[in-house]
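For the numbers below, each heavy atom of this structure counts, side chains included, while hydrogens, waters and symmetry mates do not.
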Amino acid sequence: MKHSRFLALGATAAVAVGLVACAPTAPEPGESSGSAGPSDETISIGTTTDVVNFNPVLGNSRTDSWITNLMYPHLLSISDDGSKEAHVATEWGYVDDTTGFYEIRDDLTWSDGEPLTAEDVAWTLNAVKRDQAPGTFFGQLGNLDTATAVSDTRVELTLTQPDSSIIDEIGFWGVVVPKHVFEPQGSIAEFANDGSDGGWVGMGPFIMSDFQVGQHYTLERVEDYPLVEGGVPGPAEVVYRVYPDVNTEILALQSGEIDVIANALPPAQVEQLSSTEGLQVIEAAGLGYAHLVYNMTKEGLDDVRVRKALAHAVDYEAIRTVVLQGQAVSTGSSALMPVLSKYYDDLITEYEFDPELSRSLMEEAGYTADADGDFPVSFRLIYSLQDSVTSQWAQMVKDSAARAGITIELQGTERNTYLSMTNEGDYDIYAGNFAIMDDPVTNFALSYLPGGAINYTYVDDPELNALIEEGMVTFDEDDKIAIMREANQIVHDQVYDNIMYTQNLFFAASDEWAGFISKPSELLSIVNPLSLASAYPVE
C-alpha cells in the first residue's frame with residue numbers, strides 16, 4: 001500500500017501577538033573558520049552511495065545533501081544543542097503571530113554573477129509549497145501561506161496560523177535556489193538539475209563540474225565566498241569518491257587515496273583509527289537516534305500487544321555494548337532526546353528485554369506457538385547495507401526475537417533501494433537512523449501526525465494528534481514541555497516508535513588537512529560547507 005510522504009499540518013506552534021524574535025547577527029567572514037587561505041590542492045572524500053537528486057529541494061538522502069549543500073545555501077546553521085545560528089540570514093523571527101521574517105546578507109552572489117536576494121528566498125519557498133516537492137523541506141511548510149520579498153534583503157512569511165517553530169525549521173532545513181535558473185524549468189519538483197542543460201548555478205563554496213555515477217562527483221572552488229575567511233575556500237577542488245562500504249573507505253583513507261570519510265565511523269574502528277599515524281578522528285555532537293518502527297498497515301502490527309512483544313524482544317544493552325562499543329546511550333525508549341534537556345523526561349524508561357513477556361503478549365494477541373515454541377507469524381525488517389552499524393544490530397534484533405518465538409526476516413538492500421522501499425511503505429519493520437531531531441514539536445508532527453513526512457508507523461491516533469496540535473499552538477515554554485511529554489508518553493506506551501539509542505559520532509580524516517569545523521550529526525559533521533571551505537593542507 002503506497003502512502004503519501006507529504007506533511008499536511010493542522011494547527012502549529014504559536015507565538016505571542018506582537019512578538020519580534022531576532023537572533024544574533026551573522027558572524028563576519030572567517031570569524032570561526034580558522035582557514036589558512038586557498039591552496040591548489042584537491043580534498044577527496046569517501047561516500048558509500050551515489051546522488052539520487054541534484055535538485056536540493058528534493059529527498060532526504062545524506063549523500064545528496066553532502067554534495068548539494070556545497071552548492072546551495074541554507075538560511076541558518078545549527079549548534080550542538082540544536083539551537084539555530086546565522087548563516088545566509090543575519091536576523092530572523094516574527095513580526096506578529098502569523099508573520100515571520102528573515103533578514104539576509106547583502107554580499108552574496110550566484111556562481112553566474114547574479115546577486116542572491118530576498119526574491120530568490122521567497123520564490124524558493126513559494127515554489128516548493130506550490131509544487132509539493134517531496135522531502136524534508138516541503139514537510140516544514142504546512143503553515144506557510146506565502147513568502148514575499150519586501151526588499152532585497154528581507155523576506156516576510158505570511159502564515160495560515162501561528163507557528164513558533166516554522167521560522168527556525170525552514171531556515172535550517174530549507175535551501176535557497178536561484179530563481180532565474182529554476183523558474184524557467186517549470187515545476188521545481190520535476191527539475192532534475194543534473195547539469196545537462198549547461199551546468200550548475202549555485203551559491204556555495206564549490207560548484208559541480210563533473211560526475212560519473214558509481215565513481216566520483218567533482219566540485220570546483222568558487223572564488224568569491226564571503227562566508228569563509230578571506231572570501232575564498234581553501235581546497236581548489238572537492239571530489240566525492242564512491243565506495244561499496246565504510247570498510248573500503250577506511251582502507252582508501254589509510255592508503256592516501258582519500259582525505260576524509262563522510263560516513264560516521266563504525267564504533268569498533270574509532271579507537272583503532274584514533275591511534276593510527278597520519279590520521280585524525282573528529283567528534284560531532286549527536287542530535288539524532290537509531291530506531292525500529294513497526295508499520296501498522298501490516299497484518300498483526302496494528303495490535304499494540306504485538307508491537308510491545310517486538311519491543312520487549314530486543315536486547316538494547318547488548319546492542320549498545322557489542323555493536324556500539326559503549327559509545328551510545330539509552331534515551332529511555334523516549335522520542336524526546338536527552339540533549340533537548342528541557343523536554344527530556346527521565347520517568348519514561350526503556351522497554352525491558354524480556355522474551356518471556358514477549359511470548360505472553362503474543363499469546364494475549366491470539367497467537368499460539370508450535371511445538372518448537374515459534375509463533376505462526378513473520379515480520380520483514382528492512383535496512384541499508386551501507387549502514388554497517390544497523391546491519392550488525394539488525395541481526396541481533398532477529399536473534400533476540402527468535403528467543404521469544406518471533407520470526408524476523410532481514411532484508412538488507414543498497415541505500416537507494418532502501419529509501420525507495422521506505423517511501424513506498426514496503427516493510428513490516430523499518431530499521432534506521434535520523435541525524436537531526438532538533439525541535440520536539442516539529443519532530444512529533446513529522447513523525448506521528450497523519451501524512452507526516454517520516455510517519456513510518458502510519459499512526460493516526462486522535463489523542464496524540466490533539467496533543468501535538470495543542471503543543472503547536474502553545475507559546476508558554478513550560479506548558480509546551482508538559483504537553484509534549486504527555487504526547488511522548490503515548491508514543492512510548494503505544495510503541496509508535498522504538499528509540500534504541502543516541503550517540504555522538506566520529507569522523508576520520510588525514511592529518512595532512514586541518515581547519516575542519518565540526519557540526520552536529522552525520523548529515524553535517526566535518527563535510528558541512530563552512531568546514532570544507534575552511535580546510536587547508538598542512539605544510
How about [X] and [Y]: does a side-chain donor come under 3.5 Å of a side-chain acceptor?
{"X": "Asp96", "Y": "Thr99", "answer": "yes"}
{"X": "Thr63", "Y": "Thr47", "answer": "yes"}
{"X": "Thr160", "Y": "Asp145", "answer": "no"}
{"X": "Arg415", "Y": "Gln386", "answer": "no"}
{"X": "Trp92", "Y": "Asp168", "answer": "yes"}
{"X": "Asn498", "Y": "His291", "answer": "no"}
{"X": "Glu350", "Y": "Ser330", "answer": "yes"}
{"X": "Ser388", "Y": "Asn247", "answer": "no"}

Would you indicate whether the side-chain heavy atoms of [Y] and [X] approach each other to under 4.5 Å?
{"X": "Ile166", "Y": "Leu159", "answer": "yes"}
{"X": "Val128", "Y": "Leu141", "answer": "yes"}
{"X": "Thr124", "Y": "Lys179", "answer": "no"}
{"X": "Leu292", "Y": "Met500", "answer": "yes"}
{"X": "Leu144", "Y": "Phe138", "answer": "no"}
{"X": "Leu324", "Y": "Val389", "answer": "yes"}

Any donor and acceptor pair, going by atom type alone, linking the side chain of [X] with main-chain N or O of [Y] inside 3.5 Å?
{"X": "Ser400", "Y": "Val397", "answer": "yes"}
{"X": "Ser518", "Y": "Glu283", "answer": "yes"}
{"X": "Asn465", "Y": "Leu449", "answer": "no"}
{"X": "Gln132", "Y": "Lys129", "answer": "no"}
{"X": "Asn488", "Y": "Met484", "answer": "no"}
{"X": "Thr502", "Y": "Gly288", "answer": "yes"}
{"X": "Asn55", "Y": "Phe191", "answer": "yes"}
{"X": "Ser334", "Y": "Leu336", "answer": "yes"}
{"X": "Glu156", "Y": "Phe101", "answer": "no"}
{"X": "Tyr427", "Y": "Tyr456", "answer": "yes"}

Apply side-chain contact (heavy atoms from CB on, under 4.5 Å) to residues Gln327 and Phe506 and explain how you reach the verdict. CA-CA 10 Å; Gln327 296 168 23; Phe506 296 87; 3.9 Å; yes

Over all atoms of both residues, closest heavy-atom pair of [X] and [Y]:
{"X": "Val51", "Y": "Ile67", "result": "CG2-CD1, 3.5 Å"}
{"X": "Ala290", "Y": "Asn433", "result": "CB-OD1, 3.2 Å"}
{"X": "Glu352", "Y": "His312", "result": "O-ND1, 2.7 Å"}
{"X": "Leu301", "Y": "Asn295", "result": "CB-O, 3.3 Å"}
{"X": "Ser384", "Y": "Ser391", "result": "O-OG, 3.4 Å"}
{"X": "Ala335", "Y": "Tyr448", "result": "CB-OH, 3.5 Å"}

Criterion salt bridge (Lys or Arg N to Asp or Glu O under 4.0 Å) on Asp302 and Arg307, from CA distance to verdict: CA-CA 8 Å; Asp302 57 344; Arg307 299 196 299 276; over 6 Å; no

Can you check whether His87 and Phe172 have ring centres sitting under 6.0 Å from each other? no

Can you confirm if the aromatic rings of Tyr217 and Tyr240 lie within a centre distance of less than 6.0 Å? no

Under the salt bridge (Lys or Arg N to Asp or Glu O under 4.0 Å) rule, what do Glu364 and Arg359 come out as? Steps first, then yes or no, please. CA-CA 9 Å; Glu364 288 179 23; Arg359 286 184 177 276; over 6 Å; no

Intermediate values then yes/no, ring pair (Phe, Tyr, Trp, His ring centres under 6.0 Å), Tyr430 and Tyr418: CA-CA 10 Å; Tyr430 163 94; Tyr418 163 76; 5.7 Å; yes

Rounded to the nearest 0.5 Å, how far does [atom2] of [Y] lie from [atom1] of [X]?
{"X": "Lys398", "Y": "Ile406", "atom1": "NZ", "atom2": "CD1", "answer": "14.0 Å"}
{"X": "Glu183", "Y": "Asn126", "atom1": "CD", "atom2": "CG", "answer": "10.5 Å"}
{"X": "Ile78", "Y": "Leu287", "atom1": "CD1", "atom2": "CG", "answer": "5.0 Å"}
{"X": "Leu467", "Y": "Arg485", "atom1": "CG", "atom2": "CZ", "answer": "14.5 Å"}
{"X": "Lys84", "Y": "Asp438", "atom1": "NZ", "atom2": "CG", "answer": "3.5 Å"}
{"X": "Gln161", "Y": "Asp163", "atom1": "CD", "atom2": "CG", "answer": "7.5 Å"}

Assess whether side-chain contact (heavy atoms from CB on, under 4.5 Å) is satisfied between Met396 and Val323, documenting all intermediate values. CA-CA 9 Å; Met396 295 181 67; Val323 180; 3.4 Å; yes

Apply the test side-chain contact (heavy atoms from CB on, under 4.5 Å) to residues Trp173 and His74: give CA-CA distance (whole Å), side-chain angles for both, the deciding distance (0.1 Å), then the verdict. CA-CA 7 Å; Trp173 290 103; His74 293 248; 5.8 Å; no

Determine, stepwise, if the pair Tyr501 / Trp393 fulfils side chain to side chain donor-acceptor pair (under 3.5 Å). CA-CA 12 Å; Tyr501 60 81; Trp393 62 247; 3.0 Å; yes

Tabulate below the donor-acceptor pairs under 3.5 Å that side-chain atoms of residues 367-379 make, not counting sequence neighbours, or state none.
| from | atom 1 | to | atom 2 | distance (Å) |
| --- | --- | --- | --- | --- |
| Asp370 | OD1 | Asp372 | N | 2.9 |
| Asp370 | OD1 | Gly373 | N | 3.1 |
| Asp370 | OD1 | Asp374 | N | 2.9 |

With side chain to side chain donor-acceptor pair (under 3.5 Å) as the criterion, how do Ser420 and Asn423 come out once you've worked through the C-alpha distance, each side chain's angles and the decisive distance to 0.1 Å? CA-CA 5 Å; Ser420 176; Asn423 289 334; over 6 Å; no

Could you check whether [X] pairs with [Y] (Lys NZ or Arg NE/NH1/NH2 to Asp/Glu carboxylate O, under 4.0 Å)?
{"X": "Arg305", "Y": "Glu363", "result": "no"}
{"X": "Asp80", "Y": "Lys519", "result": "no"}
{"X": "Glu477", "Y": "Lys480", "result": "no"}

Apply the test side-chain contact (heavy atoms from CB on, under 4.5 Å) to residues Ile429 and Ile408: give CA-CA distance (whole Å), side-chain angles for both, the deciding distance (0.1 Å), then the verdict. CA-CA 9 Å; Ile429 306 174; Ile408 291 180; 4.2 Å; yes

Partner residues of Lys308 under the salt bridge (charged side-chain N to carboxylate O under 4.0 Å, His left out) criterion, sequence neighbours left out: none

Take atom CZ in Arg403; do more than 12 heavy atoms of anything else shown fall under 6.0 Å from it? no

